[in-house]
Amino acid sequence: MLKNKRFTLVLAFIIAVALWAYVLGEVDPERSITIRDIPITYTNEAALEDAGLVITSVDYDNVDASFSAKRSIANKISEEDFHAIANLSGLTWGDNVVELSITKPSSITLDSVSPQYITITTDNYVAVEKEIDIEFSNQIENKEPVITQLSSDTIT
């Protein structure tokens with residue numbers, strides 16, 4: 001019976017499928033996941049405002065993160081489960097290097113974050129009040145421009 005090639009081939013296929021099902025169902029192997037373009041959110045914006053500062057530039061808007069998780073858990077997670085957070089408290093005028101913290105489900109292991117630090121440039125917040133002076137361009141002949149609504153004569 002073992003001399004029949006078809007029988008041996010079918011038997012090998014059945015054993016392979018049974019072992020594959022066992023590994024996936026019982027062993028539940030680790031799997032690596034990479035989540036790309038996680039948007040960075042900022043906390044403690046009031047501290048920045050209290051210091052009289054404003055953000056003028058940030059070198060990265062999104063981060064990529066790699067995680068490890070059991071296969072059964074990895075299949076259930078989505079990109080909405082991950083957040084990159086930059087804490088704005090303690091920033092000073094000029095360039096500030098801020099470490100990002102990643103929030104994730106507790107059953108997942110964080111492997112790497114790229115970039116791990118971002119540079120946030122701040123400057124003094126300045127408010128100036130200016131008068132509004134309305135000028136019309138591209139006037140049409142025999143038509144008079146009409147201002148339909150003007151809520152203030154100044155802008156800040």
Side-chain angles (χ1 to χ4, degrees), residues 9 11-138 145 147-156:
L9 188 60
L11 182 63
F13 180 74
I14 291 170
I15 291 171
V17 168
L19 286 173
W20 175 77
Y22 170 76
V23 167
L24 291 183
E26 296 297 322
V27 176
D28 199 14
E30 287 273 326
R31 179 176 162 201
S32 293
I33 308 154
T34 299
I35 306 292
R36 300 196 185 284
D37 297 328
I38 301 170
I40 299 172
T41 55
Y42 302 98
T43 60
N44 296 322
E45 292 178 28
L48 193 65
E49 212 172 281
D50 292 343
L53 298 173
V54 64
I55 295 174
T56 56
S57 69
V58 178
D59 58 352
Y60 292 97
D61 294 325
N62 300 308
V63 296
D64 299 336
S66 296
F67 303 91
S68 297
K70 296 283 188 183
R71 183 186 161 279
S72 60
I73 295 169
N75 290 336
K76 296 176 186 173
I77 62 170
S78 68
E79 291 180 9
E80 288 79 33
D81 295 329
F82 303 94
H83 302 283
I85 300 169
N87 187 350
L88 300 180
S89 65
L91 296 187
T92 59
W93 183 89
D95 292 337
N96 298 274
V97 177
V98 177
E99 184 175 12
L100 297 173
S101 62
I102 304 293
T103 60
K104 61 176 184 52
S106 60
S107 55
I108 294 174
T109 304
L110 178 63
D111 294 332
S112 67
V113 178
S114 176
Q116 189 172 0
Y117 298 91
I118 61 171
T119 301
I120 299 175
T121 304
T122 61
D123 201 353
N124 293 324
Y125 177 78
V126 178
V128 177
E129 192 167 293
K130 298 279 187 175
E131 285 190 25
I132 298 174
D133 187 24
I134 299 173
E135 291 182 17
F136 296 100
S137 61
N138 298 332
I147 298 173
T148 57
Q149 183 179 5
L150 182 62
S151 60
S152 176
D153 292 336
T154 61
I155 188 167
T156 303

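All values reported here derive from a predicted model rather than from experimental measurement.
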>> Applying side-chain contact (heavy atoms from CB on, under 4.5 Å) to E30 and K70, what does each step give before you reach the verdict?
In response: CA-CA 4 Å; E30 287 273 326; K70 296 283 188 183; 4.0 Å; yes
>> Test: salt bridge (Lys or Arg N to Asp or Glu O under 4.0 Å). Region: residues 95-118. Which pairs qualify, not counting sequence neighbours?
In response: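 For residues 95-118, and leaving out neighbouring residues, there are no salt bridge (Lys or Arg N to Asp or Glu O under 4.0 Å) pairs at all.
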Spatial distance of atom [atom1] ([X]) from atom [atom2] ([Y]) [nearest 0.5 Å]:
X    : Y    : atom1 : atom2 : result
S101 : I85  : OG    : CD1   : 4.5 Å
E80  : I35  : CD    : CD1   : 9.5 Å
I77  : I108 : CD1   : CD1   : 4.0 Å
I38  : F82  : CD1   : CZ    : 7.0 Å
L48  : I55  : CG    : CD1   : 5.5 Å

> What heavy-atom pair brings T122 and W93 nearest, and what distance separates the two atoms?
Replying inline: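 Taking T122 first and W93 second, the nearest heavy atoms are OG1-CA, 3.4 Å.
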> Looking only at heavy atoms, what is the nearest atom pair of S32 and S68, with distance?
Replying inline: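 In terms of heavy atoms, the two residues are closest at OG-OG, 4.1 Å.
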Given 3.5 Å as the limit, does a donor-acceptor pair link the side chain of [X] with the main chain of [Y], or not?
X    : Y    : result
D81  : P105 : no
T121 : T56  : no
N62  : Y60  : no
S66  : T34  : no

> Does anything in residues 37-53 pair up under side chain to side chain donor-acceptor pair (under 3.5 Å), and if so which pairs, sequence neighbours excluded?
Replying inline: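 Applying side chain to side chain donor-acceptor pair (under 3.5 Å) to every pair that reaches into residues 37-53, excluding sequence neighbours, yields N44-N87.
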>> Once side chain to side chain contact (heavy atoms under 4.5 Å, CB included) is applied, do any residues pair with L9, and if so which ones, sequence neighbours excluded?
In response: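 Listed in chain order: nothing, the list is empty.
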> Any side-chain heavy atom of I102 sitting closer than 4.5 Å to one from F67?
Replying inline: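 In short, these two side chains touch, coming nearer than 4.5 Å.
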> Can you find a heavy atom in the side chain of L88 that is under 4.5 Å from one in the side chain of L53?
Replying inline: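 The answer is no; the side chains never approach within 4.5 Å.
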>> Using the side chain to side chain contact (heavy atoms under 4.5 Å, CB included) definition, which of the options D61, L100, I120 pairs with I40?
In response: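 Among the candidates, only L100 passes.
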